[in-house]
Amino acid sequence: MSDIFDELQWRGLVAQTTDESALRQALADGPVTVYCGFDPTAPSLHFGNLVQLVVLRHLQRAGHRVICLVGGSTGLIGDPRPTSERVLKTKEQTAHNVGRIRDLVRPFLDFEGDNPALLVDNLDWTAPMSAIDFLRDIGTHFRVNQMIRKDAVATRLASEQGISYTEFSYQLLQGLDYLELFRVHGCTLQTGGSDQWGNITAGVDLIHRAEGASVHALSTPLLEDSSGTKFGKSEGNAVWLSADMTSPYAFYQYFLNIEDSSVVRLLKVFTDRSRDDIDALGRLSEEKPFLRDAQKALATDITTLVHGTTLAAAVQTASDALFGKGDVSVLDPATLLDATGELPGAQVVVGTSVVDALVAVGLVDSRNAARRAITEGGASVNNVRVTDPEQLLALTDFLHGRVALLRRGRKNLAAARLG
RNA sequence: GGCGGGUUGCCCGAGCGGCCAAUGGGAGCGGACUGUAAAUCCGCCGCGCAAGCUACGUAGGUUCGAAUCCUUCACCCGCCA
């Protein structure tokens with residue numbers, strides 16, 4: 001068994017661990033059972049969760065037993081955020097999200113074969129437990145003095161808004177999960193984002209008190225760009241893993257647009273590429289940045305991992321066609337339709353104003369904004385800049401009589417389809 | 001329960017009767033711009049072509065005129081019980 005810990009560390013996936021040498025030893029000694037939880041706070045997982053899935057994937061490939069937990073109960077409570085109280089999700093919403101997340105996780109891990117990953121829902125052991133049992137059996141092991149020192153809780157206690165008892169209790173629930181998985185499955189490692197460290201160690205402490213056993217924890221670093229902004233936001237929206245929330249095209253584009261100074265780091269985190277391969281891409285990026293080969297490799301690999309080979313190839317073709325040097329009006333019909341098929345868009349008729357078309361396809365929020373974009377020189381039809389805010393779409397604007405390519409700024413594209 | 005302070009646009013935060021669609025900062029958007037990168041500079045940033053409309057926690061009121069004054073309710077913070 002190769003040293004998986006070194007591998008994770010080299011890839012930049014390790015922020016903190018409980019006892020590094022003990023964890024290294026455990027991983028080297030044989031299969032360890034590891035779990036990571038995902039709360040169903042939304043109908044999809046997002047970029048941040050992808051890091052956790054990648055960690056589990058590496059561990060499973062290294063021969064360790066992987067448990068993927070969906071937080072059917074913790075999702076009902078809500079992990080305290082440092083900023084403000086969450087709006088509680090209904091039980092129906094949460095149950096629906098649990099179902100969606102179960103499906104999303106499947107492509108990342110192997111659920112068949114000799115070392116199948118396990119999928120569990122913490123509602124299964126939390127729901128049957130009475131409040132009295134919870135307080136007596138679990139609560140007794142927690143000191144409030146320690147609980148209020150956890151980062152997220154401390155921040156909220158110091159804030160104007162305070163923190164509800166509901167969210168305050170969150171760490172007990174997550175601790176209970178680890179304890180349960182330790183007892184039932186012999187789970188001795190929990191992974192999660194560094195923002196989860198407090199909750200993760202709550203479980204480590206609980207197992208120590210309740211069972212007298214020492215277990216491990218590993219957190220991954222928060223991924224930020226050069227200006228200190230978290231990765232995973234595109235135009236203010238989260239980058240989701242579900243195709244119906246972030247289109248594969250937008251997903252691919254997000255990674256293609258990663259700044260040069262971060263691309264190597266993200267290649268290490270998200271792709272399976274070797275050290276040599278990534279070094280080579282890094283050098284290429286420094287010497288010939290205009291080729292954008294590192295970004296292309298990153299975008300292709302992640303899109304393939306999340307959306308599969310077929311969709312990844314389709315969005316890549318689309319991107320090449322739409323951003324290539326060639327004139328879009330000479331694209332053959334098949335390429336044009338494939339490429340624009342991945343774009344957001346809407347149906348319009350001949351004679352629709354460019355302003356209305358920009359609004360219809362969602363490139364701008366209002367007709368005022370559309371006029372503004374045109375006035376600023378930031379709008380084009382088939383890559384020809386529009387200068388007249390009153391311009392209408394003519395039949396000849398619809399390439400092959402089918403679709404007009406609308407663009408706002410350099411990289412926001414949409415298709416106006418003749419309907 | 002009592003007293004005091006607060007609630008402003010995506011976020012922070014000024015404004016304290018007309019000059020307020022509301023100063024400033026951040027975020028975001030467009031252009032210069034090359035590489036679908038970064039940095040920098042300039043511009044934009046409620047809806048509406050416009051007249052105008054809707055917005056400063058909620059609901060009323062005073063006034064020719066309110067984000068600004070009064071009252072109701074809700075929520076938050078502090079001190080006291």
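Sequence lines set the chain letters: A, B, ... in the order given, protein chains first and strands last, and positions in each chain run from 1. The structure displayed is predicted, hence computed values, not measured ones.
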Chemist: Hey, which sits more toward the 5' end of RNA chain B by its nearest nucleotide, A:Gln295 or A:Gly378?
Modeler: A:Gly378

Chemist: When the distance from CG of A:Asp365 to P of B:A27 is rounded to whole Å, what number comes out?
Modeler: 19 Å

Chemist: Between B:A37 atom P and A:Asp293 atom CG, what is the distance in whole Å?
Modeler: 16 Å

Chemist: RNA chain B: stems of at least 3 consecutive Watson-Crick or G-U pairs, cut-off 3.5 Å?
Modeler: B:1-7 with B:74-80, B:10-12 with B:24-26, B:28-32 with B:40-44, B:59-61 with B:69-71

Chemist: Which atom names give the shortest non-hydrogen contact between A:Thr191 and A:Gln52, and what distance separates them?
Modeler: C-OE1, 4.3 Å

Chemist: Rounding to an integer number of angstrom, what distance separates B:G1 and B:A14 when you compare their C1' atoms?
Modeler: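 The answer is 35 Å between these two C1' atoms.
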
Chemist: Once you apply a heavy-atom cut-off of 4.0 Å, does A:Ser285 come out as touching a base, just sugar-phosphate, or nothing?
Modeler: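 Answer is nothing: A:Ser285 stays at 4.0 Å or more from every strand.
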
Chemist: So, A:Gln295 and A:Asp260: side-chain donor and acceptor under 3.5 Å apart, yes or no?
Modeler: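 The answer is yes; a qualifying pair exists.
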
Chemist: What nucleic acid atoms does A:Glu390 come within less than 4.0 Å of, heavy atoms only: base, sugar-phosphate, or nothing?
Modeler: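 Since no nucleic acid heavy atom lies under 4.0 Å of A:Glu390, the category is nothing.
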
Chemist: Considering only atom C1', compute the distance from B:C20 to B:G9 and round it to an integer number of Å.
Modeler: 13 Å

Chemist: Can you check the distance between B:U62 and B:G48, where both ends of the measurement are the C1' atom (answer in whole Å)?
Modeler: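 The same atom, C1', in both gives a distance of 32 Å.
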
Chemist: Once salt bridge (charged side-chain N to carboxylate O under 4.0 Å, His left out) is applied, do any residues pair with A:Asp244, and if so which ones, sequence neighbours excluded?
Modeler: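 Testing A:Asp244 for salt bridge (charged side-chain N to carboxylate O under 4.0 Å, His left out), a comparison that skips the adjacent residues, returns A:Arg100.
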
Chemist: Roughly how many Å apart are B:A66 and B:G18, using the P atom of each and rounding to a whole number?
Modeler: 11 Å

Chemist: Whole angstrom is fine here: how far is it from CZ in A:Arg371 over to C1' in B:G46?
Modeler: 17 Å

Chemist: How far does the C1' atom of B:G6 sit from the matching atom of B:G57, given to the nearest Å?
Modeler: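 Result for the C1' pair: 11 Å, nearest Å.
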
Chemist: Indicate, with a heavy-atom threshold strictly under 4.0 Å, whether A:Arg410 touches base, sugar-phosphate, or nothing.
Modeler: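 It contacts sugar-phosphate atoms only.
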
Chemist: Between B:A67 and B:A74, how far is it from one P atom to the other, in whole Å?
Modeler: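 Comparing P positions in B:A67 and B:A74 gives a spacing of 24 Å.
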
Chemist: Taking atom C1' in both B:C29 and B:C75, what distance in whole Å separates the two?
Modeler: 34 Å

Chemist: Consider the side chain of A:Arg367, meaning its heavy atoms from C-beta on, and name the nucleotide among B:C45, B:A32, B:C49 that approaches it most closely.
Modeler: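 Nearest to the side chain of A:Arg367 among the choices is B:C49.
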
Chemist: Treating A:Asp121 as the side-chain partner and A:Asp124 as the backbone partner, does any N or O pair qualify as donor plus acceptor under 3.5 Å?
Modeler: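 No, the answer is negative, given that no donor and acceptor are paired below the 3.5 Å cut-off.
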
Chemist: Regarding A:Ser261, tell me which of base, sugar-phosphate or nothing describes its non-hydrogen contacts under 4.0 Å with the strands shown.
Modeler: nothing

Chemist: Looking at A:Gln16, I'd like to know if its CD atom is crowded, meaning that more than 12 non-hydrogen atoms belonging to other residues, nucleotides or ligands lie closer than 6.0 Å.
Modeler: yes

Chemist: Determine whether a donor-acceptor pair (one donor, one acceptor, N or O, separation below 3.5 Å) exists between the side chain of A:Asn368 and the base of B:G46.
Modeler: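 Donor-acceptor pair under 3.5 Å: no.
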
Chemist: Roughly, in whole Å, what's the span from CD in A:Glu286 to C1' in B:A38?
Modeler: 14 Å

Chemist: Taking the C1' atom in each of B:U7 and B:G15, what is the distance between them to the nearest angstrom?
Modeler: 15 Å

Chemist: By nearest heavy atom, map A:Ala379 and A:Lys411 onto RNA chain B; which one lands nearer the 5' end?
Modeler: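 Upstream on the strand: A:Ala379.
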
Chemist: Take the protein atom CG of A:Leu363 and the nucleotide atom P of B:C29, then report the distance between them rounded to whole Å.
Modeler: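 Computing the A:Leu363:CG to B:C29:P distance gives 13 Å.
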
Chemist: Tell me if a side-chain donor or acceptor on A:His64 pairs with a main-chain N or O of A:Val32 at a distance below 3.5 Å.
Modeler: yes

Chemist: Once you round it to whole Å, what is the distance between P of B:A37 and CG of A:Leu256?
Modeler: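 From A:Leu256 CG to B:A37 P: 9 Å.
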
Chemist: Report the distance from atom CD of A:Glu259 to atom C1' of B:A37, rounded to the nearest whole Å.
Modeler: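 The distance from CD of A:Glu259 to C1' of B:A37 comes to 8 Å, rounded to the nearest Å.
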
Chemist: Categorize A:Arg407 for me: base, sugar-phosphate, or nothing, with a 4.0 angstrom heavy-atom threshold over every strand shown.
Modeler: nothing

Chemist: Return the value, rounded to whole Å, for the distance between atom CD1 of A:Ile374 and atom P of B:G43.
Modeler: 22 Å

Chemist: A:Asn199 and A:Asp79: side-chain donor and acceptor closer than 3.5 Å?
Modeler: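 Yes.
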
Chemist: Identify the two heavy atoms, one from A:Arg61 and one from A:Arg57, that lie closest to each other, and give their separation to 0.1 Å.
Modeler: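 Minimum heavy-atom separation between A:Arg61 and A:Arg57: NH2-NH2, 2.7 Å.
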
Chemist: At less than 3.5 Å, do the side-chain atoms of A:Glu376 and the base atoms of B:G43 form a donor-acceptor pair?
Modeler: yes

Chemist: Do A:Thr201 and A:Lys150 get their side chains close enough for a donor-acceptor pair, meaning under 3.5 Å?
Modeler: yes

Chemist: Go through B:G48, B:C44, B:A37 for me and flag the one nearest to the A:Arg372 side chain.
Modeler: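 Among B:G48, B:C44, B:A37, the one nearest the side chain of A:Arg372 is B:C44.
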
